[in-house]
Amino acid sequence: MTIWIIEEKCDGCRRCIKACPYEGIKIKDGIASVTERCTSCGACIEACKKQNAIESDIEPRKIPDFSDRQGVWVFADQTDGKLARVCLELLGKAQDLAKDMGHKVSAVLLGKDVSHLIQTLHDHGAQNVYLVEDDLLKNFRTIAYTNVIEDLVLTYKPNILLMGATALGRDLAPRVSRRVGTGLTADCTQLAIDPDEKLMFQTRPAFGGNVMATIACKYASPQMATVRPGVMEAAPCKPENPTLIRHKISLKEQDIRTKILERVTQKKPGTDIIDANVIVAGGRGVNGEQGFAMLKELADILGGELACTRLIIEQGILPHDAQVGQTGKTIRPEIYIACGISGAVQHTAGMTGSRYIIAINNDPLAPIFKLANWGIVGDVHEIVPEFIKQLSCGGAS
């Protein structure tokens, strides 16, 4: 298969060069020519529709018939019988996706003695709950869970399968996608259905958050994505006539290959910023560790947690768990206090769901003020100590 130029038709417009992502076309003596870097992707052919100066013997790839694939599935991520909040958030989004496609929402629940979670899944929009209970599923083991979900997918043929981008989901999703022969878009921040082709558009940050890439999976099914916790909103909505489907599968210990000898749970101090009602966040304008000690004092008074921008993580002042933004966490607190944060889109993408935003910045033109409910133009190192003083006095009285 190859691509060639019809020289008498080429007018040297250079559209093909602009369209080629691989430098596979060059202009020589005013005429386009194909270089050794050409991958036969066909982008140049589309760009040359006006002149029709580029031809190919490449046959267009056919999109398989996936009309038998039905349903939007959400993996019910649970540990010790407690659901991860992200699975309820995904059920909320799944309702929108399923409505646009005319499909039903289902949840996939694996574990041992987890049937008490079924009602919660139904109450948050799952028309069907696929339940697999087995002693070997008591604790998460990648191969065991992969075997079960592979069997479910091959048996019931869902159109879409969503998982939370938790530690468990990030381990499980790639294995499942490989087993069932489909693609996977990780750490998505947006999901939508294309009204024409009914494909799921999966959007995620790329190149350190500087680009938002939108990906579609045309040639394989199910369409799979992991989604960041906190990005979507849970939307309780109990469907009519909810259904429980108990699926049986034969699991053997010798096939799982790993054995859990001991579980050690590390409890982190404070509250995860995803769950915090009040967040005090700092950026470049806070100026180092001393400034963040001041913000920590304010956060403690308000019963909140400390967060930051990516730069602060790179400076080693706070751990990565405290980062908010496209390459950090997405949060929805009641109150978000942005201190010395300019408001770059890479950061604000993670906090626009906050109910109330208070911004403190000495630049009156800082973009953060466009998002803020209340803005204070001034020096963080003067305003925050005054906040602490006033709140301390109020608490004492």
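What's counted below: heavy atoms across the whole structure, side chains too, no hydrogens, waters or symmetry copies. Numbering starts at 1 and runs along the sequence shown. Bear in mind that the values here come from a model prediction, so they are computed numbers and not experimental data.
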Looking at side-chain heavy atoms only, is the closest gap between [X] and [Y] below 4.5 Å?
| X | Y | answer |
| --- | --- | --- |
| M232 | V227 | yes |
| F292 | C308 | yes |
| V286 | I341 | no |
| L295 | C339 | yes |
| R15 | K50 | yes |
| F75 | L90 | no |
| L131 | V114 | yes |
| S392 | I301 | yes |

Quick check: are there more than 12 heavy atoms from other residues, nucleotides or ligands sitting under 6.0 Å from [atom1] of [X]?
| X | atom1 | value |
| --- | --- | --- |
| E240 | CD | no |
| K99 | NZ | no |
| D68 | CG | yes |
| K329 | NZ | yes |
| E7 | CD | no |
| Y219 | OH | yes |

Testing the basics here: between [X] and [Y], what is the closest heavy-atom pair and its distance to 0.1 Å?
| X | Y | answer |
| --- | --- | --- |
| C16 | I25 | SG-CG2, 3.4 Å |
| V105 | A94 | CG2-O, 3.5 Å |
| A165 | D187 | CB-OD1, 3.2 Å |

Counting N and O atoms only, with roles assigned by atom type, does the side chain of [X] sit under 3.5 Å from a partner on the main chain of [Y], one being a donor and the other an acceptor?
| X | Y | result |
| --- | --- | --- |
| H124 | T120 | yes |
| Q127 | S106 | no |
| T35 | E23 | yes |
| D11 | C13 | yes |
| D57 | T2 | yes |
| N373 | I357 | yes |
| E55 | I3 | no |
| E334 | V278 | no |
| S177 | P174 | yes |
| D272 | D275 | no |

Would you please test C217 and T182 for side chain to side chain contact (heavy atoms under 4.5 Å, CB included) and show each step? CA-CA 8 Å; C217 183; T182 192; 3.9 Å; yes

At what distance, to the nearest 0.5 angstrom, does [atom1] of [X] lie from [atom2] of [Y]?
| X | Y | atom1 | atom2 | answer |
| --- | --- | --- | --- | --- |
| T185 | R204 | OG1 | CZ | 8.0 Å |
| L199 | D194 | CG | CG | 6.0 Å |
| N139 | D135 | CG | CG | 11.0 Å |
| I331 | M351 | CD1 | CE | 7.5 Å |
| L172 | T166 | CG | OG1 | 9.0 Å |
| T226 | R170 | OG1 | CZ | 7.0 Å |

Taking side-chain hydrogen bond (donor to acceptor under 3.5 Å, both in side chains) as the cut-off, I'd like each qualifying pair that reaches into residues 284-298, sequence neighbours left out, listed once.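 side-chain hydrogen bond (donor to acceptor under 3.5 Å, both in side chains) check on residues 284-298 returns K296-D300.
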
Does [X] pair with [Y] as a salt bridge, N-O distance under 4.0 Å?
| X | Y | result |
| --- | --- | --- |
| E150 | R175 | no |
| D100 | K198 | no |
| E133 | K112 | no |
| E89 | R85 | yes |

R179 and N147: side-chain donor and acceptor closer than 3.5 Å?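 Yes, side-chain donor-acceptor contact under 3.5 Å.
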
Under 3.5 Å side-chain donor-acceptor pair for T203 and Q190: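 Their side chains do not contain a donor-acceptor pair, so the 3.5 Å distance test is not met.
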
V132/L109 under side chain to side chain contact (heavy atoms under 4.5 Å, CB included): CA gap, chis, key distance, verdict: CA-CA 6 Å; V132 181; L109 179 60; over 6 Å; no

Would a single hydrophobic cluster contain both [Y] and [X], if residues Ile, Leu, Val, Met, Phe, Trp and Tyr are joined by side-chain heavy-atom contacts under 4.5 Å?
| X | Y | answer |
| --- | --- | --- |
| L184 | I160 | no |
| V324 | I274 | yes |
| I17 | I6 | no |
| V86 | V72 | yes |
| I245 | L110 | yes |

Decide if the gap between the ring center of Y145 and the ring center of F140 is smaller than 6.0 angstrom.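 Yes.
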
Can you sort out the partners of D171 under salt bridge (Lys or Arg N to Asp or Glu O under 4.0 Å), two or more places apart, ordered by chain and number?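 Partners of D171 by the salt bridge (Lys or Arg N to Asp or Glu O under 4.0 Å) criterion come out as none, since no residue qualifies.
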
Residue pairs, two or more places apart or on separate chains, that pass salt bridge (charged side-chain N to carboxylate O under 4.0 Å, His left out) and touch residues 250-266: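 Sorted result for residues 250-266: D80-R263, R141-E253.
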
Check step by step if side chain to side chain contact (heavy atoms under 4.5 Å, CB included) holds for I337 and L302. CA-CA 11 Å; I337 304 177; L302 295 172; 3.7 Å; yes

What's the verdict on side chain to side chain contact (heavy atoms under 4.5 Å, CB included) for L161 and I149, showing C-alpha distance, side-chain angles and the deciding distance? CA-CA 10 Å; L161 174 56; I149 297 179; 4.2 Å; yes

For the pair Y130 and Y156, evaluate ring pair (Phe, Tyr, Trp, His ring centres under 6.0 Å) and give the outcome as yes or no after the intermediate values. CA-CA 10 Å; Y130 293 90; Y156 299 102; 4.8 Å; yes

